Amino acid sequence: MEWYIGNVKIKNQIGLAPMAGVSNPSYMKICEEMGAGFAISELISSEAIVRGNKKTFDMLNGFDTLSFPVGIQLFGSNPDTISNAAKIIYDKFKPSFIDINMGCPVPKVAVRAGSGSALLKNPDKVYEIVSRTVSSVSCPVTVKIRSGWDKEHINAVDIAKVCERAGASLITIHARTRSQGYSGKADWDIIKAVKKCVNIPVCGNGDVRSPEDAKKMLSYTSCDAVMIGRALLGNPWLIRNCISYLEGKSYIIPSNVDKIEMAKKHLDYLLKFKSEKEATLEIRSHIAWYLKGMPKSLDVKNKIFQTTNYRDILNILNEYEEEFK
């Protein structure tokens, strides 16, 4: 089902959630090939962008190779800084939209810096950040929030209304509180409540681990789309399978060979944007996710974790793949 973020057409209801250290162009390319309707980058420091930090800008190398709608996510607590960073990002990279992070629960972001989910405690600042950012760019501005700071302060509905009034084009709700972090159960009733109270699209996030979960969330909450994060680690096929299931079609579970081939492809994509050492270090976590539960995978992972040589990793994976042919 097609829908829109502002004036940006989204071809289906399955999107990739922003994940630190994961949601980069290499990973997004894989998700694009799996049919994802849209994606949001890992969180980018607005302060670092305004300061011209090279390492931060390098994190965005390769976004121009993606051909589906991608938003770049900014975090910070200063309205001037976030709106200025959004303009810099838009002028340089032309993302489909800018996303503002108001959901990150990590202490160094949400507590000490007053960013991320800490903003949920300050609706006036939320309004200022969103309205200033909307005025600074020509693309849609979206906001990712949580249910609230803790179970005593559930205010997602109020914050969503503030964001809508400030000009946001989409609200994404991770249906956990900041105090929950990534534990416990996501409360889909919060998503349902927000959807009833705003007129802009609402995207649900939290506890979607299967095609059946995606359909249940869409049906139960009436949200416009589902955003999937951690369940995709080692399993990008979940995107394709969710889309198929929502279209009333059957879906296919990947084989062990499929998983090994994907690990090799992922490494190749990383090498397009990173040095060999950076790529081989980053692929380690992904290989652990891809091979999870497979026979003798621990031995394979241990071998891979001892090298930063591309050819070595490829040879190890090729040898392992032969066991399943």
Side-chain angles (χ1 to χ4, degrees), residues 3-8 10 15-19 23 38-46 69-87 89-90 95-105 109-110 113-149 154-178 190-191 193-195 197-206 221 223-227 229:
W3 59 287
Y4 285 81
I5 298 175
N7 60 354
V8 177
I10 310 298
L16 169 65
M19 292 180 282
S23 301
F38 67 105
I40 298 178
S41 75
E42 60 185 312
L43 71 175
I44 302 293
S45 167
S46 58
V70 171
I72 292 178
Q73 186 180 80
L74 294 172
F75 77 92
S77 60
N78 185 297
D80 285 335
T81 304
I82 294 177
S83 59
N84 288 338
K87 187 177 188 311
I89 289 289
Y90 181 73
S96 299
F97 56 96
I98 295 288
D99 187 72
I100 302 172
N101 181 295
M102 297 188 183
C104 180
V109 173
S115 307
S117 55
L119 291 169
L120 300 175
K121 299 189 288 184
N122 193 336
D124 289 341
K125 182 174 277 191
V126 168
Y127 180 86
E128 189 175 3
I129 288 171
V130 176
S131 62
R132 294 280 290 276
T133 304
V134 168
S135 297
S136 72
V137 294
S138 300
C139 64
V141 173
T142 66
V143 186
K144 190 166 192 284
I145 67 174
R146 281 187 171 242
S147 300
W149 181 255
I154 304 292
N155 65 342
V157 168
D158 293 336
I159 293 295
K161 289 179 179 178
V162 169
C163 292
E164 180 181 34
R165 196 168 71 247
S169 295
L170 169 75
I171 299 291
T172 298
I173 308 164
H174 183 160
R176 288 182 172 87
T177 63
R178 181 267 163 188
I190 300 295
I191 303 171
V194 170
K195 178 60 185 172
C197 294
V198 296
N199 295 312
I200 57 176
V202 172
C203 183
N205 177 218
T221 70
C223 64
D224 299 273
V226 168
M227 187 177 282

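What you are looking at is a predicted structure, and each value in this text was computed from that prediction instead of being measured. Here, residue 1 is the first one in the sequence, and each next residue gets the next number.
Using cut-offs of 30° and 60° for the angle between ring planes, the W3 and F38 rings count as perpendicular.
At least one side-chain heavy atom of T177 sits under 4.5 Å from a side-chain heavy atom of S147. Looking at I171 and E164, their side chains never come closer than 4.5 Å, going by heavy atoms from C-beta outward. In this structure the side chain of F97 reaches within 4.5 angstrom of the side chain of I40, judged on heavy atoms. Annotation: side chain of L74 is not in contact with side chain of I100 (no heavy-atom distance under 4.5 Å). Residues T172 and T142 have side chains not in contact (no heavy-atom distance under 4.5 Å, counting atoms from C-beta outward). Between M227 and P18, the closest side-chain pair of non-hydrogen atoms falls below 4.5 Å. You'll find the side chain of S45 reaches within 4.5 Å of the side chain of F75, heavy atoms only. Counting heavy atoms from C-beta on, the side chains of D224 and K195 come closer than 4.5 Å.
With values rounded to the nearest 0.5 angstrom, S138 atom OG is found 8.5 Å from K87 atom NZ. Here OG of S169 is found 12.0 Å from CD1 of I98. Values are rounded to the nearest 0.5 Å. Note that the CD1 atom of I200 and the SG atom of C163 stand 7.0 Å from one another [nearest 0.5 Å]. Taken to the nearest 0.5 Å, the CG atom of L120 stands 10.0 Å off from the CD1 atom of I154. One distance of note links CD1 of I89 with CG of N84; it measures 12.0 Å at 0.5 Å rounding. Taking CD1 from I82 and CD1 from I129, the interatomic distance works out to 4.0 Å, rounded to the nearest 0.5 Å.
With sequence neighbours left out, K161 forms a salt bridge (charged side-chain N to carboxylate O under 4.0 Å, His left out) with no residue at all. In terms of the salt bridge (charged side-chain N to carboxylate O under 4.0 Å, His left out) criterion, K125 has no residue partners (sequence neighbours excluded).
What you find for C139 and P95 is that their closest heavy atoms are CB-O, 4.1 Å. Smallest separation of non-hydrogen atoms from A168 and V134: N-CG2, 4.3 Å. Residue A156 comes nearest to I190 through the heavy atom pair CB-CG2, 3.6 Å, listed as atom of the first residue, atom of the second, then distance. A pairwise comparison of heavy atoms in G6 and Y4 identifies O-CB, 3.5 Å as the closest pair. Between G76 and S46 the shortest heavy-atom distance is CA-OG, 3.7 Å. The heavy-atom pair separating P140 from S96 by the smallest distance is CD-O, 3.3 Å.
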* Residue pair N101, S115: steps toward the side chain to side chain contact (heavy atoms under 4.5 Å, CB included) verdict -> CA-CA 8 Å; N101 181 295; S115 307; over 6 Å; no
* **Step-by-step side chain to side chain contact (heavy atoms under 4.5 Å, CB included) determination, L43 to K144** => CA-CA 11 Å; L43 71 175; K144 190 166 192 284; over 6 Å; no
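Judged by distance alone, with hydrogens and angles left aside, the side-chain atoms of N78 form a donor-acceptor pair with the main-chain N or O of T81 at under 3.5 Å. At distances below 3.5 Å, at least one donor-acceptor pair connects side-chain atoms of S41 with backbone N or O atoms of Q73. Formation of a donor-acceptor pair under 3.5 Å by the R146 side chain with backbone atoms of G103 is found in this model.
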